[in-house]
Amino acid sequence: MNETDIPKAYTPKEWEDDLYRRWTESGFFDPDRCIEAGVTDATKPTFSIVLPPPNVTGVLHAGHAAMLAIEDTIVRYHRMRGDRTLWLPGTDHAAVATQSKVEDILWQEEKKTRYDFSREEFLARLETFARESHDRIKHQIEKLGSSVDWSREAYTLDEKRSLAVRTAFKRMYDDGLIYRGYRTVNWSVKGQSTCSDDELVYIDRKATLSTFRYSEDFPIAIATTRPETKLGDTAVAVHPDDERYREFVGKTYEIGSFAGGPNLSIRIIADEMVDPAFGTGAVGITPAHSHTDYDFYLRHKAEIAFAPADEAVIGTDGAMTRWAGDAYAGLSVADARAKVIASLRAAGLLEHEEEVDQSVGTSDRFKDVVEVLPMKQWFIDVNKEFEKNGRQVSLKELMREAVSSGDIAILPDRFAKTYFHWIDNLRDWCISRQIWFGHRIPVWYRGEEIFCGIDAPQGDGWEQDQDTLDTWFSSGLWTFSTLGWPDTEANDFKTYHPTNLLETGYDILFFWVARMILMSEYFIGMPPFEKVYLHGLVRDAEGRKMSKSLGNIIDPLDVSEVHGADALRMALISGSTPGNDVKLSDEKIVAMRNFTNKLWNLARYIGTMSAETDAAPEPRSDADRYIMRKLEEVAASVTRHLDRYELSLATEELRDFTWGDFADWYVEVHKIEKNDALLRHAFDVILKLWHPFMPFVTEAIHQTFHLDKSEFLMIAKWPVFESTHKMIADANRFELVKGLITAIRNIRATYHIDPAIKMVLSARGASERTIRHKNTIHDNEEIIKRIARIGEIRSIDSSADTPKNSLLIQVGLLQAFLHLEGVIDIAKEKARLEADLAQTEKYAASLESKLGNPAFADRAPKEIVESTKTLLEETRAKAGELREHVASLS
RNA sequence: GGGCAAUUAGCUCAGUUGGUUAGAGCGCCUCGUUUACACCGAGGAAGUCGGAGGUUCGAGUCCUCCAUUGCCCACCA
């Protein structure tokens, strides 16, 4: 092959679609296929991750591209490491979001509303839209090179997920955690549906705060920004210590035709929640039209009234009802407000008006200011205690514990605080929506009878609840509904749940992450994932949010069309850290595009030089040795960064090495020294290290220049150098070794293998419950049988209740078990342990020299010197332990 | 009101248990176009690490206060 035959620049367009097609056809995105083909060892640990399902509302944006880039990088890395790697894709029907979108389109294009269709017709239109969206989204996911297993693709509204949803609903209903209750909800008049607290978007606006009295002889003035709701007041609350009002507490005042409206009966109550310094220090309580007032009602049920069913003064159409009195009935809220004020002013009851800043909740989807109304809706009770594993807990507590116990780690961890704060303020979750698109509530009515079931009840006359479920109910089940649940015997469920990682934007921590934790903890008794990686928002070059109105939206497809998917992926990953927003600029993308081209041209030089390709790579010069040593260091470091999800750091180091050391320096050296085999070998390693980040260009180079004979770079073995094992001493593995030692020490007189194994696995980052699930072997009998089968241990008395076996055998037992489970490789473990020992000894030596340095020993305070001495002793002790353990492995 | 983050070169940002001389990309300046790459190479200028204190032998890194910006949550009677 000659250089002149190969284009001088990498042309992504000519490669990407074809490569993706070939990857898909190979089937290697499917872990089962990898095992069949011998690419993956079935005994290896699993690495599973679900794709946060994009909404079928349209197209993917830059944020999705970032998500796909990060996840694909991690997934490809694990696949190359040899893990049983599953990345499960899907889409979300996104209930309200999709319906409101389609309603907009229908209105714009046909001037029709949903009421111009039957429920069935309307749903058919939605399904068509959803399918088209789905196809577009799938295409975009593919364009970015995402190595998802399409054979397992799921949709939140498909048959299997529907079964999961109905099963989940029924189970919670039977357990009394789902209830139908009458209380205040957020109501979008425009959307004619409820929305949950989390779906509200608060906007700031100016409002008039009016101070008034209900009547001339009413003793207390109150202030409000919502005078029209005052037509439904039932109480006035004051602080219990407020001297001004103490004498009135407990009295009830009858107001005849308040503001020309209904008669009111106002009770004066005392409540700690009232801020005596704000306004007049007294609050008018409208339990029907304010969540906080409803809470007042709950605390004072004995004293004050809540509007009985359907007696709210504001109706679902956003107009005043007849309960607001004849003078108001039918008026809009705004008109009613003006009328109340006018009436109060005329009667001389209006004492003061001022303009204040106010933030009001609007519907995320329908954009209108929501009204708080009392309605009969379905809720999930987050506070109700129920029995779980022999103790009383609430859903709230389950959600809290999943994170506080460390079962789930959130990256960056500062979001754990946000999460706890959210949980502490959580109200019951309103799950019913008055829209048509979604999972219909599996409840049927016949007269007074009510039936909740997975399928419709037998017999005539039953009518199903008209409402559908909040979209987050079904996405909350996502980690396990996609793996076969409610069939808990399903292979995928048993193999891949809990998943290892959830990668998503921090903006849906509450919506989705928290709901998944709730559902998984409740139904499975385990967290849905071990780790949460929260990425930031993708912003434009100036740091602004991308939005249609600003016209600054960067379409990922456009970018990858021009510069290639790899350049886009790199631009999104490089320089971005968990939890922080990332700015995407043209310059950055171009810089990354230039780098893909750099790799391409390296390949042109290396791949086409005359070389006996079969020659073994032998370092011949100092330059050779330097580049190999550096390469090993970089490989180890990139590996460590990937294990810690530090993708940006990995790309930086790798890029510096590739461009600075390898391309600019070593290639020039090679032009003189001509160590072809070593050059090719080094480049091959570099390509593998780059593959997870830039799958297309690396695979294209692999396919063009055949640096080795394998079919696909995507299933190549991840480069690990024996001599650099000590540098791959990542936290995970270090903890494993530590845990192993602890476990061995803790094997006590009574012989129980379980705690020891648990300890080791938990040191490895798995939660206790995960261990219970993933290793359902509880009796020693079974463990020993399995171990005996692989012949690692020869003589074990399986009926032993007391220690008939030496400590050594128990150590061996433990190791053998771990080996069997694919958790550790003993030979490698020993090498790693030795590396650890070397590092520990090195550390001890450095501490020694520090103590020997007069600058430190004489000038540093005694305590520091002492603590350093202590540290040295500890380090020596640790080295001793390690040495012992290495010996026990020999 | 409560909380969280950010502030490092002209711009965009790295900098993970405190440790020699603080890094990268883009931009800028000088030089270079004999076949891997001008989507390039060699070299260079450029930072009192937001401000003020403090802890320390040693602080971009830890503590306190302040300033500016952004975000989240709650209240908003």
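The sequence lines fix the lettering, A, B, ..., with proteins before strands; numbering per chain opens at 1. This one's a predicted model, so the numbers in the text were calculated from it and none came from an experiment.
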Determine the interatomic distance between [atom1] on [N] and the same-named atom on [M]; round to the nearest Å.
{"N": "B/rC49", "M": "B/rU8", "atom1": "C1'", "answer": "4 Å"}
{"N": "B/rU55", "M": "B/rU64", "atom1": "C1'", "answer": "11 Å"}
{"N": "B/rC62", "M": "B/rG15", "atom1": "P", "answer": "12 Å"}
{"N": "B/rA24", "M": "B/rG70", "atom1": "C1'", "answer": "25 Å"}
{"N": "B/rU61", "M": "B/rG18", "atom1": "C1'", "answer": "6 Å"}
{"N": "B/rC37", "M": "B/rG51", "atom1": "P", "answer": "47 Å"}
{"N": "B/rG47", "M": "B/rG10", "atom1": "C1'", "answer": "11 Å"}
{"N": "B/rG3", "M": "B/rG58", "atom1": "P", "answer": "33 Å"}

Under 4.0 Å between any heavy atoms, over every strand shown, what does [X] touch: base, sugar-phosphate, or nothing? Just pick one.
{"X": "A/Ile222", "answer": "nothing"}
{"X": "A/Asp275", "answer": "base"}
{"X": "A/Val582", "answer": "nothing"}
{"X": "A/Val356", "answer": "nothing"}
{"X": "A/Thr292", "answer": "sugar-phosphate"}
{"X": "A/Ala207", "answer": "nothing"}
{"X": "A/Arg226", "answer": "nothing"}

Nearest whole angstrom, please: distance from the [atom2] of [N] to the [atom1] of [X].
{"X": "A/His421", "N": "B/rG2", "atom1": "NE2", "atom2": "P", "result": "12 Å"}
{"X": "A/Ile606", "N": "B/rC37", "atom1": "CD1", "atom2": "P", "result": "13 Å"}
{"X": "A/Lys598", "N": "B/rG25", "atom1": "NZ", "atom2": "C1'", "result": "15 Å"}
{"X": "A/Phe595", "N": "B/rC37", "atom1": "CZ", "atom2": "C1'", "result": "12 Å"}
{"X": "A/Asp424", "N": "B/rC72", "atom1": "CG", "atom2": "C1'", "result": "15 Å"}
{"X": "A/Lys588", "N": "B/rC39", "atom1": "NZ", "atom2": "C1'", "result": "18 Å"}
{"X": "A/Asp295", "N": "B/rA74", "atom1": "CG", "atom2": "C1'", "result": "13 Å"}
{"X": "A/Asn425", "N": "B/rG3", "atom1": "CG", "atom2": "C1'", "result": "11 Å"}

- Task: Write down the atom of A/Glu228, the atom of A/Val313, and the distance for their closest heavy-atom approach.
- Result: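 Of all heavy-atom pairs spanning A/Glu228 and A/Val313, the closest is O-CG2, 4.3 Å.
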- A/Ala650 versus A/His641, closest heavy-atom pair with distance: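 Minimum heavy-atom separation between A/Ala650 and A/His641: CB-CB, 3.8 Å.
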- Query: Aromatic ring centroids of A/Trp472 and A/Phe511 under 6.0 Å?
  - Reply: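 So the answer is yes for these two rings.
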- Task: May I ask you to check whether A/Phe415 and A/Tyr506 place their ring centers less than 6.0 Å from one another?
- Result: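 So the answer is yes for these two rings.
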[Y] and [X] side chains, donor-acceptor separation under 3.5 Å:
{"X": "A/Ser210", "Y": "A/Thr208", "answer": "no"}
{"X": "A/Asp676", "Y": "A/His670", "answer": "yes"}
{"X": "A/Thr658", "Y": "A/Trp690", "answer": "yes"}

Among [options], the one nearest [X] by side-chain distance:
{"X": "A/Arg427", "options": "B/rC75, B/rC26, B/rC72", "answer": "B/rC75"}
{"X": "A/Asp664", "options": "B/rA36, B/rG41, B/rC75", "answer": "B/rG41"}
{"X": "A/Asp656", "options": "B/rC37, B/rG41, B/rA24", "answer": "B/rA24"}
{"X": "A/Arg539", "options": "B/rG41, B/rC75, B/rC71", "answer": "B/rC71"}
{"X": "A/Tyr202", "options": "B/rA74, B/rC39, B/rA36", "answer": "B/rA74"}
{"X": "A/Ala9", "options": "B/rC39, B/rC75, B/rA36", "answer": "B/rC39"}
{"X": "A/Lys8", "options": "B/rC37, B/rG41, B/rA36", "answer": "B/rC37"}
{"X": "A/Glu652", "options": "B/rC37, B/rG41, B/rA14", "answer": "B/rA14"}

- Message: Closer than 3.5 angstrom, by distance alone: can the side chain of A/Glu16 be matched with the main-chain N or O of A/Ala565 as a donor-acceptor pair?
- Response: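 Yes, the answer is positive, given that a donor and an acceptor are paired below the 3.5 Å cut-off.
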Respond yes when some side-chain nitrogen or oxygen of [X] is under 4.0 Å from OP1 or OP2 of [N], and no when none is.
{"X": "A/Ser574", "N": "B/rA14", "answer": "no"}
{"X": "A/Lys583", "N": "B/rC13", "answer": "yes"}
{"X": "A/Thr577", "N": "B/rA14", "answer": "yes"}
{"X": "A/Lys671", "N": "B/rA36", "answer": "yes"}
{"X": "A/Lys417", "N": "B/rC72", "answer": "no"}
{"X": "A/Asn601", "N": "B/rC39", "answer": "no"}

- Message: Checking ring-ring contact (aromatic ring centres under 6.0 Å, His included) between A/Tyr10 and each of A/Phe696, A/Phe595, A/Trp600, which is the one that passes?
- Response: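 Of A/Phe696, A/Phe595, A/Trp600, ring-ring contact (aromatic ring centres under 6.0 Å, His included) with A/Tyr10 is met by A/Trp600 alone.
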- Could you tell me whether the side chain of A/Lys206 reaches within less than 4.5 Å of the side chain of A/Gln358, counting heavy atoms only?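 Of all side-chain heavy-atom pairs linking A/Lys206 with A/Gln358, none is under 4.5 Å.
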- Item | Nearest-nucleotide comparison on RNA chain B, the residue closer to the 5′ end among A/Leu200 and A/Arg593 |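 By nearest-heavy-atom nucleotide position, the 5'-most residue is A/Arg593.
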- Query: Closest nucleotide of RNA chain B for A/Trp600 versus for A/Phe296: which of these residues is on the 5' side?
  - Reply: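 Taking each residue's closest nucleotide, the earlier one in sequence belongs to A/Trp600.
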- Task: Please confirm whether any donor atom in the side chain of A/Ser359 sits under 3.5 Å from an acceptor in the base of B/rC76, or the reverse.
- Result: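 Indeed there is one.
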- Message: What stems show up for RNA chain B when you take Watson-Crick pairs (N1-N3 plus N6-O4 or O6-N4) and G-U wobbles (N1-O2, O6-N3), both under 3.5 Å, and require three or more consecutive pairs?
- Response: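 So the stems come out as B:1-7 with B:67-73, B:10-13 with B:23-26, B:28-32 with B:40-44, B:50-54 with B:62-66.
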- Item | A/Lys13, NZ: over 12 other non-hydrogen atoms inside 6.0 angstrom |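 Count not over threshold, so no.
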